[in-house]
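Below is one structure, written out as structure tokens; the observations come after it.
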Number of protein chains: 2
Amino acid sequence: MAYGCGVTETSSPARSAPVDESHLRPAGRATRAAIEEAARRLFAERGFDASVRAIATEAGVDPALVIRHFGSKEALFLRCVDTAGGIGAVLDGPLESVGRRLVAYFLDPARPLLRQRYLALAQAAHLDQVREEMVRHTAETYVAALAPRLTGEHRELRVALAVAQLGGLLNLVFRQEDPIVTGAATEDLVALYGDALQRMLTP
Amino acid sequence: MAYGCGVTETSSPARSAPVDESHLRPAGRATRAAIEEAARRLFAERGFDASVRAIATEAGVDPALVIRHFGSKEALFLRCVDTAGGIGAVLDGPLESVGRRLVAYFLDPARPLLRQRYLALAQAAHLDQVREEMVRHTAETYVAALAPRLTGEHRELRVALAVAQLGGLLNLVFRQEDPIVTGAATEDLVALYGDALQRMLTP
DNA sequence: AGCGCTGAGTCAACGGCGTTGACCACGTGA
DNA sequence: TCACGTGGTCAACGCCGTTGACTCAGCGCT
């Protein structure tokens, strides 16, 4: 599980799944947006632990209204997690170095949001809809982009397994903060782990 | 994160961390054991979602007593998760095939408890003490067993990264149940992913 | 102008959670 | 016999996500 995706820093309705808002009046649309913005901020800060009540307070609104607008906390969370991101460019680059570039992309300290996003998603992964979203994301982003460019057997499976590898790294680095790994030089991680990804894709 | 460990199927005080019970009377010891047994069963069944109240009911006891005996739900969970298991034998076997044997060990359908254990731990991984236990387990079980037998640079780091790989696989198979991976033949997974582990350890 | 409908929003409450403190019962040692 | 510590229950706290009843404002319609 690896994500060039997640809780966005700002409201970005263009990227979000299209939801019918035509029945809403301007006032409703505005507070709805305020709730979503507060949710994005708090989910990014505290992960799925951010409570509906805290989000409502942040948006200056009653907790019940959050549920009325979005149906459930889980649904709101899913709306605040979008699957776009710069990862597409990495996947579309030269195939022979995609392994190292993927690892470098996620470990780049200039992209601290990726860490937040990964943590929020990993924490909520026990919810069915979140799990399905992750599977979908793996298929539509990674498998769709890479499998057609591979050669040999088990092309889709090898992409999925490379995604598994990537997710394992992020888990150890971001969630567990294993001192052996976090204490290592990024360049060593990129080389060792990137090559492992690469061999899975282009053996 | 990979675990030959977890929620045990039976009470196994010999394996559990030694806790001073000398101040307890026989009655206290018995109900304490009953609570622990109920907790092991329910944690294995439902993961960390198993509630203190349900555990108490299962043990025929008041919820408050559970906390009084074990301090907190998190502490009880940690007691019910032990780090022993058959994994030691796998790690001590021939080094040149340890990658495939590790993957085969965890994916063996004859060991369904490993799945439960992984899921319970992964779900509780956002708790600090659980996270620390995982890090400790990686260091004491995997790194301690494998790093001294390796050659070349970054011996400890390479073991940690192999553990990361393994955890990534278990996440995709057990948590996300990604259809691409669950639909693949186990022998293909063992070959592809086991070799990836192997190359990390003995390149 | 008046009416009714519908969206916007609040409020109190529900059932569940982990945890705490007050309280009682019992068995043992002095 | 009496104090004391262990074993255990009970009610309650504060939190959670969610629901249903309710009010209020704005709109179209006659």
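Quick caveat: nothing in here was measured; it's all calculated off a predicted structure. Lettering follows sequence order; numbering is per chain, from 1.
C:dG16 atom C1' lies 13 Å from atom CZ of B:Arg46, rounded to whole Å. At whole-Å resolution of the value, CZ in A:Arg53 and C1' in C:dC14 are 11 Å apart. In this structure, the NZ atom of A:Lys73 is 15 Å from the P atom of D:dC15, given to the nearest Å. A:Glu74 places its CD atom 18 Å from the P atom of D:dC16, with the value rounded to the nearest Å. Distance A:Ile67 CD1 to D:dG17 C1': 6 Å, rounded to the nearest Å. Atom pair A:His69:NE2 and D:dG17:C1' shows a separation of 17 Å (rounding to whole Å applied). B:Arg32 places its CZ atom 10 Å from the P atom of D:dG7, with the value rounded to the nearest Å. C:dT19 atom C1' lies 14 Å from atom CG of B:Leu76, rounded to whole Å.
With rounding to the nearest 0.5 Å, the separation of OH in A:Tyr193 from CD in B:Gln165 is 4.5 Å.
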Write down the protein N/O and nucleotide N/O pairs, taken from nucleotides 23-25 of chain C, whose separation is under 3.5 Å; answer none if there are no such pairs.
none

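Checked against D:dC10, C:dG9, C:dC11, the side chain of A:Leu65 finds its nearest nucleotide in C:dG9. Each of D:dT9, D:dG17, C:dG9 was ranked by its minimum atom distance to the side chain of A:Ser51; first place goes to D:dG17.
Checked for salt-bridge contact, A:Arg40 and A:Glu37 miss the test: no charged N lies under 4.0 Å from a carboxylate O.
Panel note: side chain A:Arg131, backbone B:Glu177; no donor-acceptor pair is recorded below 3.5 Å. A donor-acceptor pair is defined here as one N or O able to donate and one able to accept, closer than 3.5 Å; no such pair exists between the side chain of B:Glu58 and the backbone of B:Ala34. A distance-only check finds a donor-acceptor pair linking the side chain of A:Lys73 to the backbone of A:Ala50 [under 3.5 Å].
Put simply, A:Thr31 has no side-chain N or O that comes within less than 4.0 Å of OP1 or OP2 on C:dA8.
Across the helix from C:dA1-D:dT30 to C:dA30-D:dT1, the helix axis at one end is tilted relative to the axis at the other end by 30° (nearest 10 degrees, each axis from five pairs).
Using a 4.5 Å heavy-atom cutoff, the side chains of A:Leu146 and A:Arg158 are not in contact.
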task = Walk me through it: do A:Thr182 and A:Leu172 pass the test side chain to side chain contact (heavy atoms under 4.5 Å, CB included)?
result = CA-CA 9 Å; A:Thr182 55; A:Leu172 221 63; over 6 Å; no
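Between B:Phe77 and B:Phe48, the ring planes lie perpendicular to each other; the angle is over 60°, past the 30° to 60° tilted range.
Within the structure, salt bridge (charged side-chain N to carboxylate O under 4.0 Å, His left out) contacts touching residues 193-203 of chain B (residues at least two apart or in different chains) are B:Arg100-B:Asp195.
Residue B:Gly60 is the one, among B:Gly60 and A:Ala54, whose nearest nucleotide of DNA chain D lies closer to the 5' end (criterion: closest heavy atom).
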